[in-house]
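Here the structure comes first, spelled out in C-alpha coordinates, and everything after it is commentary.
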Amino acid sequence: MQVLVIIPTYNEIENIEQIISAVLQQNEEIEVLIVDDSSPDGTAQVVQELQKDEKRVHLIIRKEKKGLGRAYITGFKFALDMGYEYIFEMDADFSHDPADINKLLSAAQDCDLVIGSRYVKGINVINWPLSRLILSWGASFYVQMITRMRVKDPTGGFKCFHRRVLEAIHFDEILSDGYSFQVEMNYRTWCKGFKITEIPIIFTDRRVGQSKMSKRIIREAIYMVWKLRFMHIQGKI
Ligand SMILES: Nc1nc2c(ncn2[C@@H]2O[C@H](COP(=O)(O)OP(=O)(O)OP(=O)(O)O)[C@@H](O)[C@H]2O)c(=O)[nH]1
Ligand SMILES: [Mg+2]
(Lines give C-alpha, C1' and ligand atoms only; values in the text may rest on other atoms or scores of the structure.)
(Ligands and ions follow the chains in the order given, each with its own letter.)
Protein backbone atom coordinates (compact mmCIF):
# COMPACT_ATOMS: atom_id res chain seq x y z
CA MET A 1 0.00 0.00 0.00
CA GLN A 2 1.52 3.28 -1.08
CA VAL A 3 0.14 6.44 0.42
CA LEU A 4 0.90 10.02 -0.58
CA VAL A 5 -0.31 13.04 1.38
CA ILE A 6 -0.26 16.13 -0.82
CA ILE A 7 0.03 19.44 1.02
CA PRO A 8 -0.06 22.63 -1.06
CA THR A 9 1.72 25.50 0.64
CA TYR A 10 1.98 29.23 0.35
CA ASN A 11 3.79 31.00 3.20
CA GLU A 12 3.46 28.21 5.73
CA ILE A 13 6.90 28.50 7.32
CA GLU A 14 5.38 28.47 10.79
CA ASN A 15 3.60 25.17 10.17
CA ILE A 16 5.63 23.25 7.65
CA GLU A 17 8.09 21.35 9.79
CA GLN A 18 5.53 20.31 12.38
CA ILE A 19 2.88 19.28 9.88
CA ILE A 20 5.30 17.10 7.92
CA SER A 21 6.55 15.32 11.01
CA ALA A 22 3.02 14.85 12.38
CA VAL A 23 1.88 13.30 9.09
CA LEU A 24 4.85 10.97 8.75
CA GLN A 25 4.37 9.76 12.31
CA GLN A 26 0.94 8.36 11.58
CA ASN A 27 2.03 5.44 9.47
CA GLU A 28 5.30 4.13 8.07
CA GLU A 29 3.86 3.78 4.61
CA ILE A 30 2.97 7.43 4.29
CA GLU A 31 4.96 9.80 2.13
CA VAL A 32 4.41 13.54 1.83
CA LEU A 33 4.46 15.81 -1.20
CA ILE A 34 4.69 19.54 -0.64
CA VAL A 35 3.63 21.65 -3.61
CA ASP A 36 4.95 25.10 -2.87
CA ASP A 37 4.34 28.16 -5.04
CA SER A 38 7.73 29.77 -4.33
CA SER A 39 6.55 31.10 -0.97
CA PRO A 40 8.44 34.32 -0.21
CA ASP A 41 8.81 33.22 3.43
CA GLY A 42 11.09 30.32 2.47
CA THR A 43 8.72 27.40 3.16
CA ALA A 44 10.36 25.35 0.40
CA GLN A 45 13.85 25.82 1.84
CA VAL A 46 12.69 24.33 5.12
CA VAL A 47 11.35 21.34 3.21
CA GLN A 48 14.67 20.95 1.37
CA GLU A 49 16.46 20.81 4.73
CA LEU A 50 14.08 18.11 5.96
CA GLN A 51 14.62 16.11 2.79
CA LYS A 52 18.25 15.61 3.71
CA ASP A 53 17.29 13.17 6.50
CA GLU A 54 13.90 11.97 5.37
CA LYS A 55 13.37 10.04 2.16
CA ARG A 56 9.60 10.15 2.54
CA VAL A 57 9.39 13.89 1.85
CA HIS A 58 8.93 15.12 -1.72
CA LEU A 59 8.84 18.68 -2.94
CA ILE A 60 7.64 20.39 -6.09
CA ILE A 61 8.28 24.10 -6.38
CA ARG A 62 6.16 26.07 -8.82
CA LYS A 63 7.44 29.39 -10.07
CA GLU A 64 4.40 31.50 -9.19
CA LYS A 65 1.36 31.44 -6.94
CA LYS A 66 -1.23 29.85 -9.19
CA GLY A 67 -3.87 28.71 -6.72
CA LEU A 68 -4.76 25.66 -4.76
CA GLY A 69 -6.45 23.76 -7.57
CA ARG A 70 -3.47 23.88 -9.91
CA ALA A 71 -1.16 22.94 -7.05
CA TYR A 72 -3.23 19.82 -6.38
CA ILE A 73 -3.32 18.87 -10.05
CA THR A 74 0.47 19.06 -10.13
CA GLY A 75 0.50 16.81 -7.08
CA PHE A 76 -2.01 14.33 -8.55
CA LYS A 77 0.08 13.94 -11.70
CA PHE A 78 3.14 13.22 -9.58
CA ALA A 79 1.17 10.68 -7.53
CA LEU A 80 -0.07 8.83 -10.61
CA ASP A 81 3.36 8.81 -12.24
CA MET A 82 4.98 7.46 -9.10
CA GLY A 83 2.39 4.72 -8.62
CA TYR A 84 0.80 5.72 -5.28
CA GLU A 85 -2.45 3.96 -4.52
CA TYR A 86 -4.02 6.28 -1.96
CA ILE A 87 -3.68 10.01 -2.48
CA PHE A 88 -4.62 12.51 0.21
CA GLU A 89 -5.36 16.20 0.08
CA MET A 90 -4.55 18.08 3.25
CA ASP A 91 -3.89 21.67 4.43
CA ALA A 92 -0.63 22.72 6.06
CA ASP A 93 -2.20 24.79 8.83
CA PHE A 94 -3.36 22.03 11.23
CA SER A 95 -7.01 22.61 10.41
CA HIS A 96 -6.96 18.95 9.50
CA ASP A 97 -5.78 16.66 12.27
CA PRO A 98 -3.00 14.33 11.08
CA ALA A 99 -4.30 11.81 13.62
CA ASP A 100 -7.36 11.34 11.37
CA ILE A 101 -5.29 10.10 8.42
CA ASN A 102 -5.50 6.44 9.39
CA LYS A 103 -9.24 6.72 9.88
CA LEU A 104 -9.64 8.05 6.34
CA LEU A 105 -7.28 5.41 5.05
CA SER A 106 -9.23 2.55 6.53
CA ALA A 107 -12.49 3.96 5.14
CA ALA A 108 -10.77 4.15 1.75
CA GLN A 109 -10.41 0.37 1.67
CA ASP A 110 -13.98 -0.07 0.49
CA CYS A 111 -14.78 3.06 -1.46
CA ASP A 112 -13.22 5.33 -4.05
CA LEU A 113 -13.14 8.71 -2.32
CA VAL A 114 -13.24 9.44 1.39
CA ILE A 115 -14.12 12.95 2.51
CA GLY A 116 -13.27 14.10 6.01
CA SER A 117 -16.53 15.85 6.78
CA ARG A 118 -17.26 18.69 9.18
CA TYR A 119 -21.00 18.36 8.82
CA VAL A 120 -21.79 14.67 8.78
CA LYS A 121 -22.65 14.55 12.47
CA GLY A 122 -23.73 18.01 13.50
CA ILE A 123 -21.16 20.76 13.06
CA ASN A 124 -17.58 19.93 14.02
CA VAL A 125 -15.69 23.16 13.63
CA ILE A 126 -13.53 24.72 16.33
CA ASN A 127 -12.53 28.38 16.63
CA TRP A 128 -14.16 29.72 13.51
CA PRO A 129 -15.99 33.04 13.75
CA LEU A 130 -19.72 32.55 13.28
CA SER A 131 -19.62 34.42 9.95
CA ARG A 132 -17.11 31.95 8.52
CA LEU A 133 -19.11 29.00 9.78
CA ILE A 134 -22.31 30.33 8.21
CA LEU A 135 -20.47 30.91 4.93
CA SER A 136 -19.09 27.39 4.87
CA TRP A 137 -22.27 25.68 5.99
CA GLY A 138 -24.32 27.82 3.60
CA ALA A 139 -21.96 26.92 0.76
CA SER A 140 -22.42 23.22 1.49
CA PHE A 141 -26.19 23.63 1.39
CA TYR A 142 -26.00 25.67 -1.83
CA VAL A 143 -23.83 23.04 -3.52
CA GLN A 144 -26.12 20.20 -2.47
CA MET A 145 -29.23 22.01 -3.72
CA ILE A 146 -27.80 22.81 -7.13
CA THR A 147 -25.81 19.71 -7.88
CA ARG A 148 -28.04 17.18 -6.07
CA MET A 149 -24.82 15.51 -5.01
CA ARG A 150 -25.29 13.78 -1.67
CA VAL A 151 -22.15 15.04 0.03
CA LYS A 152 -22.65 16.97 3.26
CA ASP A 153 -19.30 18.72 3.20
CA PRO A 154 -18.56 19.30 -0.48
CA THR A 155 -16.03 22.10 0.08
CA GLY A 156 -13.82 20.30 2.60
CA GLY A 157 -10.15 19.85 1.76
CA PHE A 158 -9.19 16.78 3.77
CA LYS A 159 -9.77 13.72 1.65
CA CYS A 160 -8.37 10.53 0.25
CA PHE A 161 -8.71 9.42 -3.36
CA HIS A 162 -8.02 5.95 -4.61
CA ARG A 163 -5.81 6.27 -7.67
CA ARG A 164 -8.52 4.80 -9.90
CA VAL A 165 -10.53 8.01 -9.43
CA LEU A 166 -7.66 10.29 -10.41
CA GLU A 167 -6.92 8.09 -13.40
CA ALA A 168 -10.49 8.58 -14.59
CA ILE A 169 -10.52 12.37 -14.28
CA HIS A 170 -9.14 14.48 -17.11
CA PHE A 171 -7.18 17.13 -15.30
CA ASP A 172 -7.06 19.40 -18.33
CA GLU A 173 -10.84 19.77 -18.16
CA ILE A 174 -10.86 21.04 -14.59
CA LEU A 175 -12.21 24.56 -14.45
CA SER A 176 -11.83 25.66 -10.84
CA ASP A 177 -8.87 26.96 -8.97
CA GLY A 178 -10.00 28.08 -5.53
CA TYR A 179 -12.65 26.70 -3.17
CA SER A 180 -14.77 25.29 -5.91
CA PHE A 181 -11.88 23.00 -6.84
CA GLN A 182 -12.97 20.71 -4.01
CA VAL A 183 -16.57 20.79 -5.19
CA GLU A 184 -15.54 20.13 -8.77
CA MET A 185 -13.36 17.14 -7.86
CA ASN A 186 -16.19 15.65 -5.81
CA TYR A 187 -18.74 16.31 -8.53
CA ARG A 188 -16.63 14.75 -11.27
CA THR A 189 -16.03 11.75 -9.00
CA TRP A 190 -19.74 11.48 -8.25
CA CYS A 191 -20.83 11.85 -11.91
CA LYS A 192 -18.55 8.98 -12.89
CA GLY A 193 -20.37 6.77 -10.41
CA PHE A 194 -17.57 6.30 -7.92
CA LYS A 195 -18.41 5.51 -4.33
CA ILE A 196 -17.93 8.44 -1.95
CA THR A 197 -17.91 8.03 1.83
CA GLU A 198 -17.88 10.84 4.37
CA ILE A 199 -16.44 10.33 7.79
CA PRO A 200 -16.65 12.85 10.60
CA ILE A 201 -13.61 14.94 11.40
CA ILE A 202 -13.09 17.89 13.69
CA PHE A 203 -11.87 20.95 11.82
CA THR A 204 -9.86 23.56 13.75
CA ASP A 205 -9.18 27.07 12.50
CA ARG A 206 -5.59 27.75 11.47
CA ARG A 207 -3.40 28.31 14.52
CA VAL A 208 -0.70 30.43 12.92
CA GLY A 209 0.05 31.94 9.54
CA GLN A 210 -1.97 33.97 7.11
CA SER A 211 -5.32 33.17 5.53
CA LYS A 212 -5.60 33.04 1.75
CA MET A 213 -9.36 33.31 1.68
CA SER A 214 -10.53 35.98 -0.76
CA LYS A 215 -13.70 37.42 -2.27
CA ARG A 216 -12.55 36.31 -5.70
CA ILE A 217 -12.42 32.71 -4.53
CA ILE A 218 -15.96 32.97 -3.13
CA ARG A 219 -17.30 34.53 -6.34
CA GLU A 220 -15.71 31.76 -8.37
CA ALA A 221 -17.41 29.17 -6.18
CA ILE A 222 -20.86 30.73 -6.54
CA TYR A 223 -21.03 30.62 -10.32
CA MET A 224 -18.92 27.49 -10.78
CA VAL A 225 -21.52 25.28 -9.12
CA TRP A 226 -24.07 26.30 -11.76
CA LYS A 227 -21.58 25.83 -14.52
CA LEU A 228 -20.76 22.31 -13.34
CA ARG A 229 -24.45 21.45 -13.10
CA PHE A 230 -25.13 22.66 -16.67
CA MET A 231 -22.12 20.85 -17.99
CA HIS A 232 -23.45 17.67 -16.44
CA ILE A 233 -26.87 18.22 -18.03
CA GLN A 234 -25.13 18.66 -21.39
CA GLY A 235 -23.29 15.39 -20.81
CA LYS A 236 -19.89 17.07 -20.65
CA ILE A 237 -19.14 15.84 -17.13
N1 LIG B 1 0.72 25.91 -3.55
C2 LIG B 1 -0.27 26.70 -3.13
N3 LIG B 1 -0.83 26.46 -1.93
C4 LIG B 1 -1.84 27.28 -1.52
C5 LIG B 1 -2.33 28.36 -2.31
N6 LIG B 1 -3.34 28.96 -1.62
C7 LIG B 1 -3.46 28.29 -0.45
N8 LIG B 1 -2.55 27.29 -0.38
C9 LIG B 1 -2.38 26.28 0.69
O10 LIG B 1 -3.56 25.54 0.73
C11 LIG B 1 -3.91 25.20 2.06
C12 LIG B 1 -5.28 25.78 2.41
O13 LIG B 1 -5.20 27.20 2.38
P14 LIG B 1 -5.67 28.12 3.59
O15 LIG B 1 -5.03 29.45 3.48
O16 LIG B 1 -5.51 27.42 4.90
O17 LIG B 1 -7.19 28.27 3.25
P18 LIG B 1 -8.38 28.23 4.24
O19 LIG B 1 -8.26 27.05 5.15
O20 LIG B 1 -9.59 28.37 3.44
O21 LIG B 1 -8.22 29.60 5.04
P22 LIG B 1 -7.48 29.88 6.41
O23 LIG B 1 -7.24 28.62 7.12
O24 LIG B 1 -8.34 30.85 7.09
O25 LIG B 1 -6.16 30.48 5.99
C26 LIG B 1 -2.77 25.74 2.94
O27 LIG B 1 -1.85 24.71 3.14
C28 LIG B 1 -2.19 26.86 2.08
O29 LIG B 1 -0.83 27.11 2.35
C30 LIG B 1 -1.72 28.57 -3.59
O31 LIG B 1 -2.05 29.47 -4.35
N32 LIG B 1 -0.71 27.71 -3.94
MG1 LIG C 1 -6.75 26.78 6.41
Side-chain angles (χ1 to χ4, degrees), residues 4-23 32-48 50 57-79 87-98 100-101 115-119 124-140 143 153-159 171 174 176-185 201-222 224:
L4 184 70
V5 176
I6 304 173
I7 306 178
T9 55
Y10 193 75
N11 285 347
E12 298 288 358
I13 198 155
E14 290 152 294
N15 292 309
I16 194 69
E17 195 168 346
Q18 282 169 288
I19 193 77
I20 290 176
S21 90
V23 169
V32 174
L33 170 67
I34 304 298
V35 184
D36 185 73
D37 286 4
S38 298
S39 299
D41 72 355
T43 301
Q45 285 70 48
V46 176
V47 179
Q48 281 165 337
L50 297 174
V57 178
H58 307 274
L59 171 66
I60 295 176
I61 303 176
R62 303 196 309 162
K63 283 209 181 73
E64 297 162 48
K65 182 172 181 340
K66 290 212 209 93
L68 187 78
R70 296 294 127 193
Y72 270 125
I73 290 172
T74 303
F76 293 155
K77 287 180 178 164
F78 173 90
I87 297 115
F88 278 78
E89 288 187 12
M90 189 177 177
D91 290 356
D93 60 2
F94 282 92
S95 285
H96 304 144
D97 185 352
D100 286 334
I101 289 176
I115 300 174
S117 176
R118 294 163 289 189
Y119 310 124
N124 290 318
V125 174
I126 294 175
N127 280 346
W128 251 6
L130 187 62
S131 57
R132 186 91 193 257
L133 184 61
I134 291 170
L135 179 71
S136 169
W137 193 83
S140 302
V143 170
D153 189 357
T155 61
F158 189 19
K159 50 218 239 190
F171 299 133
I174 295 197
S176 330
D177 222 8
Y179 271 1
S180 47
F181 175 75
Q182 305 299 357
V183 174
E184 180 165 356
M185 285 301 292
I201 54 150
I202 293 175
F203 178 98
T204 314
D205 193 18
R206 73 159 54 243
R207 294 191 303 214
V208 285
Q210 227 184 351
S211 176
K212 283 113 213 165
M213 173 96 170
S214 73
K215 291 219 171 72
R216 189 190 65 80
I217 286 177
I218 298 173
R219 274 200 301 272
E220 181 198 45
I222 291 170
M224 190 59 78

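Please read all numbers here as calculations on a predicted model, not as lab measurements. Scope of the values below: all heavy atoms of this structure, side chains included, with no hydrogens, waters or symmetry mates. Indexing begins at 1, ligand by ligand and atom by atom, following the structure's order.
At a 3.5 angstrom cut-off on N or O pairs, D36 does not count as close to ligand 1. Close N/O approach between G67 and ligand 1 is found [any backbone or side-chain N/O within under 3.5 Å]. For K66, no nitrogen or oxygen atom sits less than 3.5 Å from a nitrogen or oxygen atom of ligand 1, counting backbone and side chain alike. Inclusion of D93 in the set of residues having an N or O under 3.5 Å from an N or O of ligand 1 is warranted. For ligand 1, none of its N or O atoms has an N or O atom of R62 under 3.5 Å away. For ligand 1, the polar-atom distance check against D205 finds no nitrogen or oxygen pair separated by under 3.5 Å. Between A71 and ligand 1, no N or O atom pair is found at a separation short of 3.5 Å.
The pair R206-E12 counts as a salt bridge, with a side-chain nitrogen and a carboxylate oxygen less than 4.0 angstrom apart.
Not a single heavy atom of I7 lies less than 4.0 angstrom from ligand 1. Heavy-atom distances between R70 and ligand 1 stay at or above 4.0 Å for every pair.
Of all the heavy atoms of P8, the ones lying under 4.0 Å from any atom of ligand 1 are found in both the backbone and the side chain. Neither the backbone nor the side chain of N11 has a heavy atom within less than 4.0 Å of ligand 1. Contacts of R132 with ligand 1, taken as heavy-atom pairs under 4.0 Å, involve the side chain alone.
Within the coordination shell of the Mg ion (ligand 2), defined by N, O or S atoms under 2.8 Å, D93 is present.
In this structure, W137 places its CH2 atom where only 12 or fewer heavy-atom neighbours from other residues, nucleotides or ligands lie under 6.0 Å away. The local environment of CD in Q45 is crowded, with over 12 non-hydrogen atoms from other residues, nucleotides or ligands closer than 6.0 Å.
Between H96 and F203, the two ring planes are perpendicular [angle over 60°; tilted spans 30° to 60°].
A distance of 11.5 Å separates CD1 in I73 from NZ in K66, rounded to the nearest 0.5 Å. Note that the NZ atom of K65 and the CG atom of D36 stand 10.5 Å from one another [nearest 0.5 Å]. The CD1 atom of I20 sits 5.0 Å away from the CG atom of L50 when rounded to the nearest 0.5 Å. Interatomic distance, CG of L68 versus CD of E89, reported as 7.5 Å (0.5 Å rounding).
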With salt bridge (Lys or Arg N to Asp or Glu O under 4.0 Å) as the test, would you mind laying out the steps for R70 and D177 before giving the verdict? CA-CA 6 Å; R70 296 294 127 193; D177 222 8; 3.7 Å; yes
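Taking all heavy atoms of W128, Y10, F203 into account, the minimum distance to atom 4 (C) of ligand 1 is reached by Y10.
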